[in-house]
Amino acid sequence: MHKLLSNWSSNIKSLPESYIFPAESRPGDAIVPFFNTIPVIDLHTGRHHAVQQVLEACRDFGFFQVINHGVDENLLIDTRMVVKEFFDMPNEEKADLFSEDANKKCRLCTSTYDYDIEKNHLWRDNLHHQCHPVDDFIHLWPQKPARYRDVIMKYSLQMGNLSTRILELIGEWIGLGPGYFGDGLTGVQIFSANHYPACPNPNLALGLPKHRDPTLITFLLQDAIHGLQVYRNGEWFGIKPTPNDFLVILGQQIQVISNGKLTSPTHRVVTNSSNHRISIVFSINPKPDSIIEPAKILIDNSNPPLYQSFQSKTFRKTYQEKGDYGEDSLDDYKVKA
Ligand code: OGA
Ligand code: NI
């Protein structure tokens with residue numbers, strides 16, 4: 001509990017040693033250009049057009065922005081607001097949620113739940129909870145602020161619907177046919193809110209290190225502060241935040257199902273010295289026992305499977321144990337040539 005950055009981060013002048021990343025992975029002083037060609041999918045412009053855009057976006061980038069997404073604008077504002085109010089509460093009010101037990105279905109921690117064994121700590125506080133089906137989990141969510149449960153329930157339901165639409169479009173494009181992404185592949189839906197406080201030495205710290213999402217697919221809602229960067233062709237690029245829209249990031253498990261037609265992008269989060277930043281990450285994940293493998297319909301003599309089958313939970317364990325945030329976690333499952 002005393003670990004929470006919100007307890008102490010505003011009182012310090014320089015970064016504690018354990019938050020300083022090694023020279024090869026810290027952001028340093030390099031100027032990072034913004035990425036100017038993020039693919040945009042407009043869900044309003046009709047199905048066929050949207051599919052074509054998804055196609056381009058997913059093959060080349062692994063991430064895209066979605067506009068006219070159908071999630072109420074006021075709900076986005078309220079969601080960011082209750083999350084901010086949550087992190088702004090005095091620490092006593094949050095104490096009962098603080099936990100480093102990975103199995104807890106609703107937990108608050110600083111950095112990660114591996115705080116006591118990790119090499120470097122991340123400059124963030126994180127609230128993480130399950131939300132599907134909502135009725136199974138809502139009683140575990142924060143009770144304060146008073147509107148939290150109501151707002152996040154609505155957000156979870158609308159995000160569930162949006163993810164179904166997006167996965168349908170992706171499935172159609174890669175040739176999986178309708179309804180491929182059923183409950184087994186999408187049944188674990190996680191709401192994860194990050195609070196990245198202003199940081200005294202942003203060039204030495206990271207909000208999240210270089211990683212590839214272990215999810216099926218991730219929907220990111222940001223505030224107006226920049227922090228997200230993607231790694232492409234050996235270079236980092238900043239992503240301009242778009243607070244009214246979502247950034248969709250493909251996870252490693254959809255990369256496997258697509259047999260490598262889709263790519264899960266490498267990205268990280270940097271901090272800054274003047275502003276705190278909030279990001280809200282809604283991720284769709286397979287149920288732990290689900291089998292993840294290249295979709296059979298995509299496999300033939302000229303398209304052999306690139307990955308072996310695995311249980312989703314086994315992959316998550318590999319991801320966690322390797323401790324490299326997903327850089328190599330799929331290597332163990334690649335079919336050897
Ligand atoms: C993540 C992630 C980006 C952000 O949670 O996996 O990449 O801006 N978050 O917080
Ligand atoms: Ni990520």
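These figures come from a predicted structure and were not determined experimentally. In listed order, ligands and their atoms are each counted from 1. Computed over heavy atoms, backbone and side chain alike; hydrogens, waters and symmetry mates excluded.
Among all non-hydrogen protein atoms, the one lying nearest atom 9 (N) of ligand 1 is L208 CD1, 3.5 Å. In terms of protein heavy-atom proximity, atom 3 (C) of ligand 1 is closest to V269 CG2, 3.5 Å.
Between Q222 and ligand 1, not a single N/O pair is under 3.5 Å apart.
Per-residue contacts place V281 under 4.0 angstrom from the following atoms of ligand 1 (heavy atoms of the residue considered): 5 (O), 9 (N). Listed by atom number, the atoms of ligand 1 under 4.0 Å from S279 heavy atoms are 4 (C), 8 (O), 10 (O). Under a 4.0 Å criterion applied to the non-hydrogen atoms of D213, ligand 1 contributes the atoms 6 (O). Of all the atoms in ligand 1, the ones that sit under 4.0 Å from a non-hydrogen atom of L220 are 3 (C), 4 (C), 8 (O). Here is the list of ligand 1 atoms found below 4.0 Å of a heavy atom in Y196: 4 (C), 10 (O). Short contacts between ligand 1 and N194, defined as distances under 4.0 Å to a heavy atom of the residue, involve ligand atoms 10 (O).
Here the angle at the Ni ion (ligand 2) defined by NE2 in H211 and NE2 in H267 stands at 90°, rounded to 10 degrees.
Neither the backbone nor the side chain of I249 comes within 4.0 Å of ligand 1, counting heavy atoms alone.
D213 has its closest N, O or S atom to the Ni ion (ligand 2) at the position named OD1.
The cluster map of Ile, Leu, Val, Met, Phe, Trp and Tyr, joined by side-chain heavy atoms under 4.5 Å apart, puts W236 and L206 in different clusters. Both F219 and L262 sit in one connected hydrophobic cluster of ILVMFWY residues. Membership requires side-chain heavy atoms under 4.5 Å apart, directly or through other members.
Under a 4.0 Å heavy-atom criterion, H211 is in contact with ligand 1. Ligand 1 lies nowhere less than 4.0 angstrom from a heavy atom belonging to R268.
Among all heavy-atom pairs drawn from V281 and L220, the shortest one is CG2-CD1, 3.7 Å. Taking each heavy atom of H195 and P197 in turn, the nearest pair found is O-CD, 3.3 Å.
No close placement of the W141 and Y155 rings is indicated, their centers lying 6.0 Å or farther apart.
Both tests hold for K240 against F34: distance to the six-membered ring centre under 6.0 Å, angle to the ring axis within 45°.
The pair R147-D150 does not meet the salt-bridge criterion, since no charged nitrogen lies less than 4.0 angstrom from a carboxylate oxygen.
Residue K13 qualifies as open at atom NZ: its count of foreign heavy atoms under 6.0 Å is 12 or below.
Aromatic ring pairs are classed by plane angle as parallel below 30°, tilted from 30° to 60° and perpendicular above 60°; the pair F63 and F61 is perpendicular.
With distances taken over non-hydrogen atoms, the option nearest atom 7 (O) of ligand 1 out of R124, H267, R277 is H267.
Among I67, I166, L76, the single residue meeting the side-chain contact (heavy atoms from CB on, under 4.5 Å) criterion with F246 is L76.
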